[in-house]
Structures are given as C-alpha cells and as structure tokens.
**Q** 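My questions will all concern the structure given below.
Each ligand, and each atom within it, is numbered from 1 in the order the structure gives.
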Amino acid sequence: MKNEKSKSNFIRDIIDEDLKTDKYGGRVHTRFPPEPNGYLHIGHAKSICLNFGIAADYAGLCNLRFDDTNPETEEIEYAESIKEDVRWLGFDWEDRLYYASDYFDQLYGYAVQLTEKGMAYVCDLSIDQIREYRGTLTKPGKDSPYRKRPVEENLDLLNRMKEGEFEEGSRILRAKIDMSHPNMLMRDPTFYRIRKKTHYRTGDKWCIYPTYDFTHCLSDSIEGITNSICTLEFENNRPLYDWILDQLEVHHPQQTEFARLNLSHTVLSKRKLLELVEEGHVRGWDDPRMPTISGLRRRGYTPESIRNFCDQIGVAKANSIVDLVQLENSLREELNRTAPRFMAVLRPLKVVIVNYPEDKVEELDAINNPEDPSMGTRKVPFSRVLYIEQDDFREEPPKKFYRLAPDREVRLRYAYFITCVDVIKDKNTGEVVELHCTYDPATRGGDSPDGRRVKSTMHWVSANQAIDAEVRLYDNLFTKRDPSEVEEGTDFKSNLNPKSLETLKACKLEPGLKGVAPGSRCQFERLGYFCADSVDSSAEKLVFNRTVSLRDTWAKISKAAEQQKRT
Ligand code: ATP
Ligand code: MG
C-alpha cells in the first residue's frame, strides 16, 4: 500500500514490482545498519530517511541494526549517540533494535555450514601473500595452496581458530569461489579473521570476527529484511551478498544501491570527521560546524528541515555533490515561518537620543513574526541611550549606503525616525565611539505622519534594559567546494577555513530574550537565525549560535564577483 505522499524513485519502483509479483508476500522490511565507530552525519540522515521513509509509506517495518563486528573501532558511546540521533530525526524502530554482534553464534554456525559444504576453507597464507595471490583487475589470481584442504581439516582448524589457538594474522576462513573471477571481491574473499581484541558488547568471548561482507547479508537474512538498501560503493559486493545467501539457501533480501550524499564545503566520512575531532580542529563531534546530526542539532537545525532536505535531494544512481546552500534553504524556509523574531546588536555602537527625556522608558509594540500573525506581539523598551550595529553607520557613506550617516534620517524599527547630529570619537584612535541623534516624536511606531520617507530601517536595543550575550558566527568549515581537492603532499585539512568560527563576546539583546531556554531558536532581525547553545548557554550567561544567515550570502558574493569580472 503506497502512501499518496511518497515520491517515486527507482527503489520504490523495484518495491512496487516486488509487490506486484508477490516476491516477499507483500512485506516491505528495511533496515538502517550503522557501524558504531563514530557519530552519524547528514549522509546517514539520507539513508535513515530513505529506509524508515519507505517502510512508513508501504506500511512496512524498518530495523535499527548496529553493524558491530569490528572490535577495534566500536564503542558504546557511538551506539548511544546513534540511537539519540535517529530518534531526534523523528524515526522509531519500536522493538526492533538489533546488533550484528548478537548473531555471532548464528554466523559462526553458517560459517561451519559453508565449510562442511566445501564452500569455505582455512587459509594459512600471510596477508602479503594473500594480496599477491589475488591478482589484479587485469590479471587473474592464483589458487591458494590451502584451497584443497579436506573438509575435516578445515572444520578442525576453524574450531581451533575460534578457541584462540592461533596468532592474529596467521589464518583466515575464506570463501571458495573463483580466483580468476573478473570481480576481485569474488576471488575467495575473507569470512573470518583472528582478532584478539575485547569487543564492546561480547567482551572476550570471541577472538575471531566475521567480515562485513559475511555479516551483512546474513544479518539482513536473519531479520527477514526484504530490501537491503545501501550506497553505490557496495555495488561490487552484491554478487558476494547473493552468493553467500544462495549457498546457504536462506531468506534472500534484494540489495539495491543508491548514490551517497556528498555535500559541498564539508566532508562526510566518519574517518575524516574523527580526525577533525581528535586533532582539535573542531570542538567535538557536536561542534556546530560539523556535518554530524549532533552538530547540526546544536547549530539549530530542526529534524523537519533535515527530513525535507533529504526528500528534496531524492535518490539517484549517480554520485554528485549537493550544495550546502540547499540544506540551509530548507532550514530558512521553516524558520521563516516558525521562529519568533527579536532585535539583537552584535557589534554595538552607542547612540544617545539627545532630545529624549533622561528617565523615560517607553514600551513599544513589536510583531513576533509577520509571516504568522497568530504569534502575536511583544513590548520592546525604548529610551534615551540605545545600541545600533557598528556596520549601520558610516561617517562618510559610500554610494548606495542608505543607513545612518551624519545629518541623515533613518527609521528605528517599531520606534522612531532618528537623525544623526554629532559623531563622538576616541581622542587617541579616532574610532567612532558614540553617536548623538535627535528623534521625531511624531514618528512613534516608525510611521511618519507627513509621508516623509527614509531609505533604511535599522534594528536597535535599549542600553539600560539590554541583556548581554556571546554570539558565535559560523562559516563553512572548508574553503573549497570539494575539500578533497588538494595540492600534492597535503590532505583535506589543508582546505580547512581558518575563519569558520568568529566569537563576539559583547552582544546586546532585547530583554525579551532573558532566560531563554538552551536550544531555543529565533530570528535576530536583519542578522539571521540563531539558537541558544544547548551546551554553553545558561540563564546567567547566554550564548547563541548563528544557525544560518537570512539569505545565501555566498550566492550574493559570487554574483557580485561575477559582475565585477564582466565589467
Ligand atoms: P562513512 O563513510 O562516514 O564512514 P559508512 O558507510 O562507513 O560511512 P555506516 O555506519 O556503515 O557508515 O553507514 C550506515 C549506513 O549509512 C550505510 O547503509 C551507508 O550506506 C549509509 N551511508 C553512509 N554514508 C552515507 C552518505 N554519505 N550518503 C548516504 N548514505 C550513507
Ligand atoms: Mg560502512
């Protein structure tokens, strides 16, 4: 039963066909199979949305399965973070949380079966020899001298491998397929290797561990999966996936590959992300500059915006790079509708309204979100001393600079028209430290009764009532669209953007933001969407992350650069 809303793609076409031919008795059962060796990133979100989305649309099921067969890199912390992230994205595996490591006994049984059938053997070649015997893409491999080992001997050696009798690297269990197979992965691939390591779940029970290829198809089969959806790099593994299941004559899911998500100006590989964390290039897996789910969450992304993004990019058979701007736009679209607006001054410049009474404070009406009248209005205090943005004033305004300048009149949003009458500078540095302005009491609320026009409307906060905050501005983590493009002798880290984080410590916010809960999102008028940091922000010390600017500034900059080139 396909849901109306579902988008068509080639995977859904395959499922539709399977349903028509009753291949799996009308069932649709998918799984998301992360390895707990790092935090999930936006690429995983694509896979999560696809697997859980298909299950939901076809009234099927989706499992969460930890693909945890490598004792060297897997940790409980990662497994916990993955569960949290999948849940946060809005998906529910109900009671279907599985671990490949729970299947170790069963998997070993299958290995014994294959060995008994003469389809697997214990090989004593060293790692280097195995590589040498494998041949190349253009040259067939050679049979291992152990390939003809009798079944009984193989079974005995496999058992002794399991019992820990042999050293790491001294023996493997491998498939007996074809050493001259055109697909290198079919040249007697490894099923089991000896690793005398403690596993984060099974402890020291095992000292042999199954490979990905052996584990994955059988885990899918054990769970009754119908559609095993994975990324394109596993296309060459599919014949092996099918071979193992065919030999064992067990339930046989259909593996289908789709293109992995690549996002511009970032890297989506757990190994590279781990490197950034371990070498201190970022402040952790959840650093708001990271493309991890936890980083995006801390940055202020919503689950809905990520799900919508995954819907928009769709599923394809060819790899490509999606522009980061597309992810940002998905969030802008949502926050424009949902985020309450406030005024905040990030780089304050003091303004004294010289004709405004010393002790007077007015409460002016401000609209919380013009896109959604149901969000109502709030009061904003106005008084004699205010802050505006340093950028909103120029002593000698260039052409097309319409904001405040000497003798010029502008509108303060929700307040009054003001005119700059004096500029106060630091005697030593010459820096502008204060402006003196007059206001026109007849323009209360920001309307001029005589139809007088001003070219600019600026945000501001009242100095006495303002609250202090730290604001962190973020830029792309990498300067290049494809960070893997590097000069010889360097790696992707040479493309790190040294200006990806700017911390502003003396920001002034309107008092309505007092005590705002960590994680809350809002728009600072004219500046962008911001989110109170879930880790560092507290009632005593507010810390905001800029989630995303209001518009795509990069597009503007490159457009300007292009225009310049043309003229
Ligand atoms: P990484 O390359 O980041 O280490 P991985 O493939 O090793 O990723 P897994 O934990 O094995 O990470 O991934 C779990 C699932 O997520 C797999 O089915 C994998 O195909 C999918 N996946 C991983 N990266 C992406 C991506 N960039 N786009 C889409 N799906 C992805
Ligand atoms: Mg993987």
**Q** Would you mind running through ligand 1 and noting each atom that sits below 4.0 Å from a heavy atom of K270?
**A** 1 (P), 3 (O), 4 (O), 8 (O), 9 (P), 10 (O), 12 (O)
**Q** Sequence neighbours left out, what pairs pass salt bridge (Lys or Arg N to Asp or Glu O under 4.0 Å) with at least one residue falling in residues 479-489?
**A** D323-R481
**Q** Would you check the N or O atoms of E233, main chain and side chain alike, for any that come under 3.5 Å of an N or O of ligand 1?
**A** no
**Q** Tell me, please, whether F492 has K272 positioned over its six-membered ring: NZ or CZ under 6.0 Å from the ring centre and within 45 degrees of its axis?
**A** yes
**Q** Under 3.5 Å, side-chain donor or acceptor atoms of residues 276-284 against the rest of the protein: list the pairs with distances, not counting sequence neighbours.
**A**
| residue | atom | partner | partner atom | Å |
| --- | --- | --- | --- | --- |
| E279 | OE1 | H281 | NE2 | 3.1 |
| E279 | OE1 | K493 | NZ | 2.7 |
| E279 | OE2 | K493 | NZ | 3.0 |

**Q** Taking only heavy atoms of T231 into account, list the atoms of ligand 1 that are under 4.0 Å away from them.
**A** 19 (C), 20 (O), 29 (C), 30 (N), 31 (C)
**Q** Under 3.5 Å, N or O to N or O, is K46 touching ligand 1 that way?
**A** no
**Q** Taking only non-hydrogen atoms of R271, do any sit less than 4.0 angstrom from ligand 1?
**A** no
**Q** So if I count the atoms of ligand 1 from 1 in the order they appear, which ones are less than 4.0 Å from some heavy atom of H41?
**A** 3 (O), 24 (N), 27 (N)
**Q** Please list, in number order, the atoms of ligand 1 under 4.0 Å from a heavy atom of P34.
**A** 10 (O), 14 (C)
**Q** Parallel, tilted or perpendicular: which describes the rings of W206 and Y108, with under 30° parallel and over 60° perpendicular?
**A** tilted
**Q** Which option out of L40, L274, L261 puts a heavy atom nearest to atom 27 (N) of ligand 1?
**A** L261
**Q** Go through the side-chain N and O atoms of T302 and E304 and say whether any donor and acceptor fall under 3.5 Å apart.
**A** no
**Q** Which atoms from ligand 1 have a heavy atom of P33 less than 4.0 Å away?
**A** 14 (C), 18 (O)
**Q** Nearest heavy-atom pair of N154 and A120: which atoms, and what distance?
**A** ND2-O, 4.0 Å
**Q** Which label fits H252 and Y241: parallel for a plane angle under 30°, tilted from 30 to 60°, or perpendicular past 60°?
**A** tilted
**Q** Atoms of ligand 1 less than 4.0 Å from F32 heavy atoms?
**A** 14 (C), 15 (C), 16 (O)
